Amino acid sequence: MLPDKSKMPMITRSTPTVHTINATEPESWQQKLSTAVNCPEQLLDMLGLDRALLPDAVKAGRLFSLRVPRGFVAKMERGNPNDPLLLQVLPLGQELLDTQGYSFDPLNEIAQNPCNGVIHKYPGRLLLITSGACAINCRFCFRRHFPYGDNQLSGEDWDNALRYIVADTSIKEVILSGGDPLATSDKRLKKLAVALSDIPHVETLRIHTRLPLVIPERITDEMIHWFTGTRLKPVMVIHCNHANEIDGAVQNALNQLQQARVMLLNQTVLLKGINDSVDVLVDLSQALFQSSVLPYYLHVLDKVQGAAHFDVDEQTAACLVNAMQKQCPGYLVPKLVREIAGKPGKTPVTL
């Protein structure tokens, strides 16, 4: 049964500005962001895939748009409709199903949105929606229905968010999230980092991002300078789901961050048909370690409407992690968790 479109939240994600560049100069990260593929027909043609996939891709893309940088497309195998990177981004007909037990706000974040741009659901830390834009629209995104248009962190909302943090002295860590926080300018992010460092009880600045994986050119000297240039402890959590996402350019970007003393962690979503095998998960952990990143969390899928076809049951997930423990040192085995609305933190899945 198709969902009632009249009840579905509208997704508002800003479109990056196109920057003109000299043909002799390498593309900037902004240019790569602004030229991301957003047409299903173009993506299928680039990969030499059957046009029979197009009608469903167009329909699903109307509910949650396609966006994928060209550099990420280049890592996909031509002619393979089951490529693990392609399946993360290609809209499919399964997204149109109305699945019982799945919702538009599976983590009840709207109820924990005390002022525009702020999500405060855990003690001691909060999220700032620094950007509503993403470099890549992952089809399993638990915020695919989030009202970004009502959570723009600018002007008066910027001031209100900072006042909220100042007033709550229990907040030790601020997490820049989105969308993707690195989809916005360094000038704006530097201003925010400095403002947060002026709040005495804030100790850690954490960023959750996909940009180092999908546009590694985003990791510039300027970006590293503002991120590491205050008294706040810098932590970056990347979101990598398959070892094929990591190439030489990604490794170089991550190694630059590590050399600047940024703590690097990874969280992965367990996805049916993409990374639900022991070999794939072990390869991922090893590739992350070679890139100076430690596995952090392996998430069971958040039950967001439109993503049910990615779900892997908890028993299977536990068996996978148990098998990983037999092949990997403990520091390369991520914690298997589920996020449950209202809980004070991630809930471990029993092994």
Side-chain angles (χ1 to χ4, degrees), residues 1-16 33 35-70 72-73 75-107 109 132-149 178-180 183 210 214 239 241-242 244-245 269-276 299-312:
M1 183 177 70
L2 296 181
D4 183 353
K5 294 182 181 180
S6 67
K7 297 180 180 178
M8 299 187 74
M10 296 297 292
I11 306 304
T12 303
R13 286 190 171 174
S14 55
T15 301
L33 182 62
T35 58
V37 177
N38 54 25
C39 171
E41 183 176 8
Q42 182 182 18
L43 179 60
L44 294 177
D45 287 349
M46 289 173 70
L47 294 171
L49 293 172
D50 192 341
R51 287 288 191 90
L53 295 167
L54 185 60
D56 282 347
V58 170
K59 291 177 184 176
R62 292 187 186 124
L63 298 180
F64 184 46
S65 62
L66 165 71
R67 178 179 291 171
V68 54
R70 294 168 184 269
F72 197 76
V73 177
K75 301 175 189 179
M76 300 175 188
E77 181 184 1
R78 280 186 56 84
N80 181 7
N82 296 312
D83 179 88
L85 274 56
L86 173 68
L87 293 179
Q88 295 183 51
V89 301
L90 179 65
L92 296 174
Q94 292 100 311
E95 297 179 35
L96 302 170
L97 302 175
D98 186 4
T99 307
Q100 187 175 3
Y102 287 71
S103 71
F104 297 129
D105 183 19
L107 305 183
E109 290 190 325
C134 273
I136 186 168
N137 284 355
C138 303
R139 309 315 300 176
F140 46 88
C141 177
F142 67 90
R143 289 197 188 122
R144 57 182 286 163
H145 306 291
F146 188 79
Y148 288 105
D180 196 307
R210 285 276 269 164
V214 301
H239 298 193
N241 300 308
H242 197 282
N244 290 1
E245 298 176 36
V269 180
L270 187 58
L271 301 165
K272 186 175 183 179
I274 294 174
N275 58 16
D276 57 335
H299 283 272
V300 177
L301 183 76
D302 295 316
K303 293 186 178 297
V304 63
Q305 196 65 251
H309 55 292
F310 290 115
D311 192 35
V312 177

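For the single chain, residues carry numbers from 1 onward in sequence order. Only a predicted model underlies this, so the values are computations on that prediction, with no experimental measurement involved. Just so you know, these numbers use all the heavy atoms, side chains as well, and skip hydrogens, waters and symmetry mates.
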*Carefully, step by step, assess Phe310 and Gln94 under the rule side chain to side chain contact (heavy atoms under 4.5 Å, CB included).*
CA-CA 10 Å; Phe310 290 115; Gln94 292 100 311; over 6 Å; no

Taking the side chain as everything from C-beta on, heavy atoms only, tell me whether [X] gets closer than 4.5 Å to [Y].
X: Arg144; Y: Gln305; answer: no
X: Arg70; Y: Gln42; answer: yes
X: Leu301; Y: Val312; answer: no
X: Leu92; Y: Arg139; answer: no
X: His242; Y: Lys75; answer: no
X: Arg210; Y: Asn241; answer: yes
X: Asp50; Y: Leu44; answer: no
X: Leu90; Y: Leu43; answer: yes

Restricting to non-hydrogen atoms, name the atom on [X] and the atom on [Y] that form the minimum distance, rounded to 0.1 Å.
X: Asn244; Y: Pro84; value: ND2-CG, 4.0 Å
X: Pro40; Y: Ala57; value: CB-CB, 3.8 Å
X: Gln88; Y: Ile274; value: CG-CD1, 3.8 Å
X: Pro91; Y: Gly61; value: CB-N, 3.8 Å
X: Gly178; Y: Arg143; value: O-NH1, 2.8 Å
X: Pro81; Y: Leu53; value: CB-CD1, 4.4 Å

[atom1]/[X] to [atom2]/[Y] distance, rounded to the nearest 0.5 angstrom?
X: Glu41; Y: Met46; atom1: CD; atom2: CE; value: 13.0 Å
X: Ile136; Y: Leu33; atom1: CD1; atom2: CG; value: 11.5 Å
X: His145; Y: Phe64; atom1: NE2; atom2: CZ; value: 8.5 Å
X: Glu77; Y: Asn82; atom1: CD; atom2: CG; value: 10.0 Å
X: Leu49; Y: Asn80; atom1: CG; atom2: CG; value: 8.0 Å
X: Leu270; Y: Phe140; atom1: CG; atom2: CZ; value: 11.0 Å

*How about Asn38 and Ser65: does a side-chain donor come under 3.5 Å of a side-chain acceptor?*
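There is no such pair between these side chains.
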
Is there a donor-acceptor pair closer than 3.5 Å between any side-chain N or O of [X] and the backbone N or O of [Y]?
X: Asn275; Y: Val269; result: yes
X: Asp302; Y: Val304; result: no
X: Asp276; Y: Gly273; result: yes

*Under a 4.0 Å N-O cut-off, is there an ion pair linking Arg51 with Asp45?*
yes

*Kindly check if the number of other-residue, nucleotide or ligand heavy atoms within 6.0 Å of NZ (Lys303) is above 12?*
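More than 12 within 6.0 Å, yes.
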
